[in-house]
Each structure stands twice: as C-alpha cells, then as structure tokens.
2 protein chains.
Amino acid sequence: MKEQDSFDPKKRILAAAISLFAQKGFAAVGVREIAAGAGVNIAMISYYFEGKVGILKEIMEEFFRRYFLVFEGVDDKSKTPEACVRGLIHNIVNFVRENTDLTMVSYNELPLDLPEIAELKAEKITAMIQRISGLVLRMGFDPSDVFVIAVVGPSLISTIFTNFRFRPVLKRVFRFKFDDAYYERYAETIATLFLNGIKGLAEERKRKKRSTK
Amino acid sequence: MKEQDSFDPKKRILAAAISLFAQKGFAAVGVREIAAGAGVNIAMISYYFEGKVGILKEIMEEFFRRYFLVFEGVDDKSKTPEACVRGLIHNIVNFVRENTDLTMVSYNELPLDLPEIAELKAEKITAMIQRISGLVLRMGFDPSDVFVIAVVGPSLISTIFTNFRFRPVLKRVFRFKFDDAYYERYAETIATLFLNGIKGLAEERKRKKRSTK
DNA sequence: ATAAAAGTTAAACAAACGTTTGTCAAGCCC
DNA sequence: GGGCTTGACAAACGTTTGTTTAACTTTTAT
C-alpha cells in the first residue's frame, strides 16, 4: 500500500477509510488500521474528522451528494418515459461503477442502527424519497398506485447495488469480464427486465379494475 | 428484556445474538451485550460457542439449513414453469418473513470480509449456486444464456431481501400495514414483475437472434 | 452414597479500542 | 524578531474488547 502519495492527509485518510469500510464494514475497522493505510498518525483522524464516526458521516454526505446528481436531467420531456427509465438505469449503473466503495459503505451501513448517524440518515433518506417519487410520478406512472411504486423503485436499486455488493462472489462463480461491454449489456438487460415487468403490472392492474367494475 | 425464559441458555444466547446482530451488525455487538440480552454469564458464550464468531457461524449454518428448504418441492412437473416461479417467490417471501433477523444477519455479513468465516461462506454459496442453477435450467429457461440467469436470479433475491432490510425505512415513509394481506400482495406483485420481465428478455433475445441470422 | 461430569459464576487477563495530551517544527502576519 | 496558527507526531489516557481461569454448584451415573 502506498503511503507517501502527494495529496493531502485528509484525503488519504478518507480514501483509506472508504476502502477498508467497504471491505470489512465500519465497525470492524479500527482507527489504527485506517491511519496505517493512509500513512498518517492516528491523532490525525480525530484532528480532521472529530473521531471515527466523523469519517463515516463525511463518506455518507459525499455519497448522497454524488448520488443525487444521477437523477439530474433524467426527466427529459423530449424523450419517451421508457427512454427516460433506460437512461436512469444507465446513470445508476455507471454511478455505482465509478463510486463502488463509496456506495457500498453507505449502502451497507444504512440499515444498521448507529445512533450517531441516525439524524444524517433520516435527513438524506427523506430527501431521496422526495426526489424519486417526484420523478416517478412525472414519468408516466399511475400515481394512485403507491404500492407498486414502493415495490418497483427499491427493487431496481437493490438489484443494481446488490450486483456490486456480491461482485467478489459473482466473479468466482461466473466467468465474466467486468468491462465496459459487460456493464453496457447489464444495464440494458435490467432495463428490459424492469420495463417489461412494469408493463405487465400495469396490464394486470387494468384487468383487475375492469373485472371489479 | 426478559431474562428468565425457561428454555436453555444456548438458545437464549443465540436468540439474543441474532436480534442484536440484525440490529447493529456483527462487529458492533460485544459479548457482554449478548450475555446481558440472554441473561447469562459472559463466560457461557465461549463455553457454548467457542467465542463470538462461533455464534455467527452457527447462525449462518442455521440460515442456510432453513433457506435450502425453500427450494424443496418447487420443481413440480405437474405445474407450469410460471406457477413454479410464483410458488418459489411465495416461499421465499414467507421464509424471510418468518426468519427475518436470521436472514438479515447472514445477508448483511455475507459480502463482508471476515477471515474466520470465509470457508463457511464459500461452502454454502457454492452449494446454493448449484441448487439454484439446477432449478433454473429445469424450469424452462434457456440454459445457453448464462448471463440472463446470472442477472435475474440475484435480482429477485436481492429485491425480496432488501425489502426486509429496509423495512424500518419503508415503514416510516409508506403507511402500509405489514400483515398477511400485504405480504400476499407483495409476493404476487414481484412475481408479476419478474415473470413479465423474463418474458420480455426472452422476446428480445429471439429478436436479436433472428436479426443476426 | 459417592465420584465424575456438566453447568455456572465472578474475577482477571492481555490486547485492542478511540481519544486526548503535550511537544515540536514550520510558516505566517504585524 | 516576537507572537500566533497550523500540521504532525509519539506517548499515554481510560475504557472496552473477547477470552480464560479457577472456584463453586448442580446434575448425572455408578
């Protein structure tokens, strides 16, 4: 592990922490390990981040800051709703690809109960939901069916995130090359999967409405 | 927290550990906390489980033991492939519902790097993949398209598991009652979602094959 | 009845934890 | 040059970690 990189200590600490947290989980990593990985003194962690959880906070802030950008420009009136969804899926896949460890740390810690970051989590998740549901409604979905929205959205996101989460496992079992072509095909596959799935749900809904009339 | 339940100490330790691990994650929970939750002496943990990771090992063993049963009897020749898939999804949803904490602990620790359980993980995952891929092929899927299988299967599982993983969050945002009716509808919704999605993928595949001929 | 085994306990263990302290050197402003 | 801030460090802080020990009680088997 390189210790003498030229960029500043704070960034080195952050980078080392992201990598270690992604690998072992936040609670399983000690400050000494982070300091060693970053090539800095232990005291620097409290100095720059006000403690270990301070690092996690900054990581999650950074994750959401970047993640929000994914939804920027997706709601394009000149394109069909279907094309918008395909675009969004491409965006998310590329985002996780370029920010894998950052995403994994945040995604892994999100469901865990850590009182020190409870507020931050609540705030970010609320903002997230607002942004997404606004987007969903403007993209041709039936707003009266909250249930389906509450199922399909999380399903899509968990599909992509989990694919990266179990990358080491997948790598051992399936012999894919995880290159540009793979991700291109992957994004298109799940886009087709979900678009057809949503279509099927809408049709079933119509059938049921008619039969109850 | 009840401490004087009549069943034996080992089960009490296991139950307390499962609950705490699910809530905070394995590494964030100490043996004293587990002992207190179970109402036993700290030394009992090493006595019955040979240490803290011993508990986790037993938890994961138990999880996979039960999880494997979900696939039992799903491959029913008298039913259509579609009905088989719907049945499987119902089984999985009910399984996670009845074993939520057990599932969450295993699912949360699976992607993390903990050397002491690396072997156990590898063994179980291999067994899992074998069982599933055998099932998938016998259920009317095109065995030549490994890629789609590698995408759809994990997507389905992550969808269900993640739904439970973020239950506290969902609970606060959407005002659903998580009762029998909810889970019934949930299972049917994602069954429709995935069955139509798979159908769409198969059609697209056919189209592409024809165009390249 | 008695000895062996199993169960349970409080106490102590070394090791690791996250954080704080005091110190020193370098760079800056006035 | 004196006073101040900032960055970096080693060392030590008190606490908590998981585990072990040895003594004690209860159960079981002979």
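Letters A, B, ... mirror the listed sequences (proteins, then strands); counts begin at 1.
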Checking A:Glu33 against A:Lys24 for the salt bridge (charged side-chain N to carboxylate O under 4.0 Å, His left out) test, could you report, in this order, the C-alpha distance in whole Å, the side-chain angles of both residues, the deciding distance, and whether it holds? CA-CA 11 Å; A:Glu33 202 177 353; A:Lys24 305 181 171 190; 2.6 Å; yes

On the six-membered ring of A:Phe49, is A:Lys57 placed so that its NZ or CZ lies under 6.0 angstrom from the centre and within 45° of the ring axis? no

How many whole angstroms separate atom [atom1] of [X] from atom [atom2] of [N]?
{"X": "B:Leu114", "N": "D:dG18", "atom1": "CG", "atom2": "P", "value": "12 Å"}
{"X": "A:Asn41", "N": "C:dG22", "atom1": "CG", "atom2": "C1'", "value": "13 Å"}
{"X": "A:Lys24", "N": "C:dA16", "atom1": "NZ", "atom2": "C1'", "value": "13 Å"}
{"X": "A:Glu33", "N": "C:dT19", "atom1": "CD", "atom2": "P", "value": "15 Å"}
{"X": "B:Met44", "N": "D:dT25", "atom1": "CE", "atom2": "P", "value": "16 Å"}
{"X": "A:Lys52", "N": "D:dT17", "atom1": "NZ", "atom2": "C1'", "value": "12 Å"}
{"X": "B:Leu20", "N": "D:dG18", "atom1": "CG", "atom2": "P", "value": "12 Å"}
{"X": "B:Phe26", "N": "D:dT17", "atom1": "CZ", "atom2": "C1'", "value": "12 Å"}

Measuring centre to centre across the rings, with the benzene-like ring taken for any Trp, is A:Tyr182 within less than 6.0 Å of B:Phe147? yes

Please determine, for the side chain of [X], which listed nucleotide ([options]) has the closest atom?
{"X": "A:Val31", "options": "C:dT9, C:dT19, C:dT8", "answer": "C:dT19"}
{"X": "B:Arg32", "options": "D:dT19, D:dC9, C:dG18", "answer": "D:dT19"}
{"X": "B:Tyr48", "options": "C:dA12, C:dT19, C:dT8", "answer": "C:dT8"}
{"X": "B:Ala43", "options": "D:dG18, C:dA10, D:dA10", "answer": "C:dA10"}

Go through the side-chain N and O atoms of A:His90 and A:Glu188 and say whether any donor and acceptor fall under 3.5 Å apart. no

Looking only at side-chain N and O atoms, does B:Tyr47 come under 4.0 Å of OP1 or OP2 in C:dT8? no

With a non-hydrogen cut-off below 4.0 angstrom, is [X] in contact with a base, only sugar-phosphate, or nothing?
{"X": "A:Val53", "answer": "nothing"}
{"X": "B:Ile42", "answer": "base"}
{"X": "B:Phe49", "answer": "nothing"}

Ignoring hydrogens, what is the shortest heavy-atom contact between A:Arg97 and A:Phe178? Give both atom names and the distance. NH2-O, 4.4 Å

